[in-house]
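Have a look at the structure below before the remarks.
Residue numbering restarts at 1 for every chain, and letters A, B, ... go by the order of the sequence lines. All values below come from the heavy atoms of this structure, side chains included, with hydrogens, waters and symmetry mates left out.
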Amino acid sequence: MNRLNRDQMAERVARDIPEGAYVNLGIGLPTKVANYLPADRDIFLQSENGLLGMGPAPAKGEEDWELINAGKQAVTLLTGGCFFHHADSFAMMRGGHLDICVLGAFQVSIHGDLANWHTGEPGAIPAVGGAMDLAIGAKQTFVMMELFTKQGACKLVEACTYPLTGLGCVSRVYTDMAVFDLGVDGAKVVEMVEGLTLEDLRQSTGLTLTLANEIEAA
Amino acid sequence: MNRLNRDQMAERVARDIPEGAYVNLGIGLPTKVANYLPADRDIFLQSENGLLGMGPAPAKGEEDWELINAGKQAVTLLTGGCFFHHADSFAMMRGGHLDICVLGAFQVSIHGDLANWHTGEPGAIPAVGGAMDLAIGAKQTFVMMELFTKQGACKLVEACTYPLTGLGCVSRVYTDMAVFDLGVDGAKVVEMVEGLTLEDLRQSTGLTLTLANEIEAA
Amino acid sequence: MIDKTVPTVEAAVAEISDGASVMIGGFGTAGMPDELIDALIARGVGDLTIINNNAGNGEHGVAALIREGRVRKIICSFPRQSDSHHFDAAFRAGKIELELVPQGNLAARIHAAGAGLGAIFTPTGFGTQLAEGKETRLIDGRHYVLEYPIQADFALIKAEQGDRWGNLVYRKTARNFGPIMAMAARTTIAQVRHIVPLGALDPEVIVTPGIFVQRVVESAPALAAVA
Amino acid sequence: MIDKTVPTVEAAVAEISDGASVMIGGFGTAGMPDELIDALIARGVGDLTIINNNAGNGEHGVAALIREGRVRKIICSFPRQSDSHHFDAAFRAGKIELELVPQGNLAARIHAAGAGLGAIFTPTGFGTQLAEGKETRLIDGRHYVLEYPIQADFALIKAEQGDRWGNLVYRKTARNFGPIMAMAARTTIAQVRHIVPLGALDPEVIVTPGIFVQRVVESAPALAAVA
């Protein structure tokens, strides 16, 4: 079995983003997706801090610290992009104007519940940022994560044990081993990496998994 | 008794508008107040259709029909004025940012209830516009009206019989005969025109009226 | 390449069908998308719900839509105008439904739809006929009325300049309802005086970001010169 | 003549007293009114309630306010940052109260205060810890949480240019919370890079109309050049 590395995962997500889509890429792993969006397609990246039409990082030495993304990294603005204030920015998210947002996760349930903001550990300082707004706002919320933690725990679960970010909000999960569609009927396997079988996945995850209509090897 | 004419009423209202005030003048009679604001004082007129820093009417032939006031008359913009959309414009009103609005009225109650949008007659087509927003939004709502209708009915009343615009929202009424402060304690006479006595006013209005602290002849 | 510009007003309104809800920008004549409304009339669809500040006056625009019997319901703040005889006649004949909304509630409800709120407690209208039957609440010593968002299938708006991504800027008080209607409609169609190349609009001064706009059409030059 | 400009940051913050609630603009360092915060620290007042997206990092700005023990409570969305040790320490020691608010609710609640709404049903947070104990409602098939406006006595914000009437324009993503905080505070104090003559700002591109701003102060030129 050839697990995807993080760049391959990003590339896989990018393939599902059509031209013309308005997209928010969450901080962390999802920011990698931008590297695989074809430059000849108009895809509109939104950043929660008031930016639409976000471009790549500037050349070193040309950073403008008043032109940053949600992760507080220096970015650029594409020709045709624009700026707006925070209420307008979150109106874009919460009003259903974004087509896709891509988020990382601690856990996702087979019904699309998301946990990605707080480990819930005693003494941990909670911080939520825009995660809850993004999770419930976009027309489609994708999650991108390794299927298992380093300790071997499956992150796709029957029910989240971490504090929730949103209920039933994730429609698709991209992992290093498979792609899943989630919903009221549970998780359906859309794709698996070469050498992996549905039975393998069922055993390793402990989940009741079915195949989505079209299954293809990545 | 020398009743004030409409221009004198407008002049009287204008005297109570201090420099630096943000003011909305309702359509109809209150628009006359603008003629008596001293040009050497910075007073900021707001128009509900997205304009702050409204100036006087343009010279004939120089009208721009994309630069109009709430009454759909051509206006000008003062140096330092600006434009904004309708939600921002009504946020100014409803969020308590205007210091004063001046409105016309069918009736005002001694407790500050206002009726100025609808006669309630059968078959009359109702139209409210921004009246209800202005009435309750500004820090102070002034009414400017003749004290009696042409038919001789007093427009300052114990309780409004016309459909209400807002409850307890009017703080002061400027009329052709007297100026009244309104509130939970009822109407207090602030000023009367020359030759009018409190007893005259009590008799003609049929209201329980008291004198405000400082009474001066207009 | 994404290009939201369309060549004609007919093409711009081609998806509007019977029974649609349509927001129409403008306050008085300022910002009224006359050519889009004309195209909508020419398209012949009816049973429309119209959201506009007024109910039309004279013979053009919303008044013409009403005269032609295309409007089932209108949501507005100020239907009664000096020359609103087409609305008046239809209303008195019981041929049009009126939802009268204080202008600030109209703006706030449209904004709420665009911003994804479920409902808002607004200060306007408490204790009046226009709040009858509505839920109210005393919050921090002040009375509020619960009002729901107003969404629409389409918004027809007018702007000064637009580009192929749908970014818009407006002119003077013609801005009025345009920016918030663009946010609240599933499909926003903007009539602009000038289509400009991408990048011609300063990113700091774009009022309506392209995400809120689906079609951009340039006004016919002859008419634009008159307007 | 109305002139809202003041000569020094000390004069700009001179009315802020113990126990005040203070909104502070900025997202990360962009739009952070550092000089106003420094002046507030120098003023020595405490027991403050701070509303900001973050809880400070490093040794400057909000972090310094917290380090100096001036902050009783902070309302923010993202207190945990790589270098937020002053907040972390104060929080773990029980010396600061935290109201954690999802960023969109923070923006919407600030906006609601500025716009005069009594409360809003927002889609964010339903079913999560951050909505525990809050009123919820199912509207049109979707769950919402009732959230209340956030007002403040003062807002400290940073803009690019301002004039004597308080009109402001911003620069790039430094705009962020500035315009809505200006609407939601009783007294808004703007630190600007450049004070410009009245009329220098195009009326079409003013982002914050002067009605929302009470004081304007120019950043010290030396510091502005570095920023």
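For chain A, the nearby part of D/Asn54 is the side chain; its heavy atoms alone come within less than 4.5 Å. Neither the backbone nor the side chain of A/Ser47 comes within contact range of chain D; no heavy atoms are under 4.5 Å apart. Contacts between D/Val101 and chain A at a heavy-atom distance below 4.5 Å involve the backbone alone (N, CA, C, O). Of the atoms belonging to A/Phe83, heavy atoms from both backbone and side chain fall under 4.5 Å from chain D. In this structure, the portions of D/Arg171 lying under 4.5 Å from any heavy atom of chain A include both its backbone and its side chain. At a 4.5 Å heavy-atom cutoff, the contact between D/Phe87 and chain A is made by side-chain atoms alone.
Between A/Arg94 and D/Gly104 the shortest heavy-atom distance is NH1-C, 3.0 Å. The two residues D/Gly127 and A/Leu164 make their nearest non-hydrogen contact at O-CD1, 3.8 Å. Across A/Trp117 and D/Leu100, no two heavy atoms sit closer than the pair CZ3-CD2, 3.5 Å. For the residue pair D/Thr173 and A/Gly50, the shortest heavy atom distance occurs at CG2-O, 4.3 Å. Here the closest heavy-atom approach between residue D/Ile180 and residue A/Ala87 is recorded as CG2-CB, 3.7 Å. Of all heavy-atom pairs between A/Met132 and D/Leu130, the closest is CE-CD1, 3.7 Å.
D/Phe27 and A/His86 have tilted rings, their planes meeting at an angle from 30° to 60° on a 0 to 90° scale.
When each of A/Asp64, A/Val75, A/Asn49 is paired with D/Lys172, the side-chain contact (heavy atoms from CB on, under 4.5 Å) condition holds for A/Asp64 and for no other.
How far CG of D/Asn176 is from CG of A/Leu51: 11.5 Å, rounded to the nearest 0.5 Å.
When the candidates A/Glu48, A/Met93, A/His118 are compared by the number of heavy-atom contacts under 4.5 Å with chain D, A/Glu48 comes out ahead. When D/Thr122, D/Thr29, D/Asn105 are compared by the number of non-hydrogen pairs under 4.5 Å with chain A, D/Asn105 comes out ahead. Taking D/Met181, D/Arg175, D/Gln103 one by one and counting their heavy-atom pairs under 4.5 Å with chain A, the maximum is reached by D/Gln103.
Within the 4.5 Å cutoff, the side chain of D/Lys158 has heavy atoms near those of the A/Glu66 side chain.
The environment of NE2 in A/His111 is crowded: more than 12 heavy-atom neighbours from other residues, nucleotides or ligands sit within 6.0 Å. For D/Lys95, the NZ atom sits in a loose shell: 12 or fewer heavy atoms of surrounding residues, nucleotides or ligands are nearer than 6.0 Å.
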